[in-house]
Amino acid sequence: MPEGHTVHRLARDLARDLGVNAVTASSPQQRFAAGADLLDGQVATRCRAYGKHLFVDFEAGDTLHIHLGLIGKFRRTAPDAPRDTVRLRLAVDHIAWDLTGPMTCTVGGPDTFTDVTTTLGPDPLRRDGRLPDFSERVATRRVPIGAALLDQRVVAGIGNVYRAELLFLVGIHPSVPSLMLADAEVNDLWNVATDQLRRGVRLNRIVTVDPADVGASSVGRIGADDRLHVYKRAGEPCRRCGAPIERFVLAGRKTWFCPTCQPPP
DNA sequence: TACATATGATCAT
DNA sequence: TGATCCTATGTAA
């Protein structure tokens, strides 16, 4: 489930679990054997996230760089858990963190963080993420806003679920040209993104529906199937207006919108 | 057993 | 735009 919220949450949980102890690093799958050897026995000194990129610094100056991609997972397991597909296992005491299916898993020097993040747009989950930076990048893209939001050079950490959900929440159709958005709309988009991604970190999952959006019968409780407004809900009624949710492909990925709440340009 | 699909990104054409 | 990489899961056969 890797959008920015997942990676920021990982940085936090990893930092807590790894603590100040030396880690045992291994690559059961062997594809990261050399890197694991470098890290084995070192103390992790810092865990950071920027967009969908995760960085773990080690005492000797090595930086582990991980990007989960579409199917990657990094999860807390036990040292006796199955490991045939585990690219990297970081173990401390009785806790093991298992990385499977990552798009990127490398070890580099102290410049790794800067080198990787210099190409990225502002990250709403970071303290250094700036709205004016976002505004400027949105205003200079000659693509639909639904494409711009997936471009990590415009804003870092948003993926296919948040692109659809955020645009619903701000009432903007994905096909509206990025540079046509009013200042107020761009501000709104940034603020909603910040709020929603933070909520995602807190809950460790994407939930964009509010209790006020669900029926009185459910007493404000949000169930497993009503956490999202539009993502993967083609044909189902909009929770706010009842119109059937529609779907189309934008920037090579399916996206969803409400034709009433998000009028086409 | 096979196939489709997935919250991502890159590279080739 | 399409192929490709990586893994896991759900559905179909």
Open item on the list: In whole Å, measure the gap between the P atoms of B:dT5 and C:dA3 for me.
Closed with: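 Approximately 14 Å lies between the P atom of B:dT5 and that of C:dA3.
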Which nucleotide sits closest to the side chain of [X]: [options]?
X      : options             : result
A:M103 : B:dG8, B:dT7, C:dT7 : B:dG8
A:Q29  : B:dT7, C:dC6, C:dT7 : C:dT7
A:T85  : B:dT7, C:dA8, B:dA9 : C:dA8
A:T100 : B:dT7, B:dA9, C:dA8 : C:dA8

Open item on the list: So that I know where these two stand, are A:F113 and A:H65 an aromatic pair - ring centroids less than 6.0 Å apart?
Closed with: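 They do not qualify: ring centres at least 6.0 Å apart.
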- [ ] Report the distance from atom CG of A:L70 to atom P of B:dA4, rounded to the nearest whole Å.
- [x]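 The answer, rounded to whole Å, is 16 Å.
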Open item on the list: Nearest whole Å is fine: how far is B:dA9 P from A:H67 NE2?
Closed with: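 Taking NE2 of A:H67 and P of B:dA9, I get 4 Å after rounding.
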- [ ] Report the stems of DNA chain B as range-with-range entries sorted by first number; a stem here is at least three consecutive pairs, Watson-Crick or G-U wobble, both distances under 3.5 Å, and write none if there are none.
- [x]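 Stem list for DNA chain B: B:1-6 with C:7-12, B:8-12 with C:1-5.
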Task: Heavy-atom side-chain proximity of A:L90 to A:L88 below 4.5 angstrom - done: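 Side chain of A:L90 against side chain of A:L88, heavy atoms only: contact under 4.5 Å found.
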Task: Nucleic acid contacts - residues 244-255 of chain A versus DNA chain C, non-hydrogen atoms under 4.0 Å - done: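 None, since no heavy atom is under 4.0 Å.
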TODO: Give A:Y231 one of three labels, base, sugar-phosphate or nothing, depending on what nucleic acid heavy atoms sit under 4.0 Å from its own.
DONE: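 Here A:Y231 touches the backbone only, sparing every base.
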- [ ] Tell me what A:R163 touches on the nucleic acid: a base, only sugar-phosphate, or nothing, going by heavy atoms under 4.0 Å.
- [x]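 Nothing, no heavy atom under 4.0 Å.
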- [ ] For A:I71 and for A:Q152, find the nucleotide of DNA chain B with the closest heavy atom, then tell me which residue's nucleotide is more 5'.
- [x]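 With A:I71 and A:Q152 compared, the 5'-side residue is A:I71.
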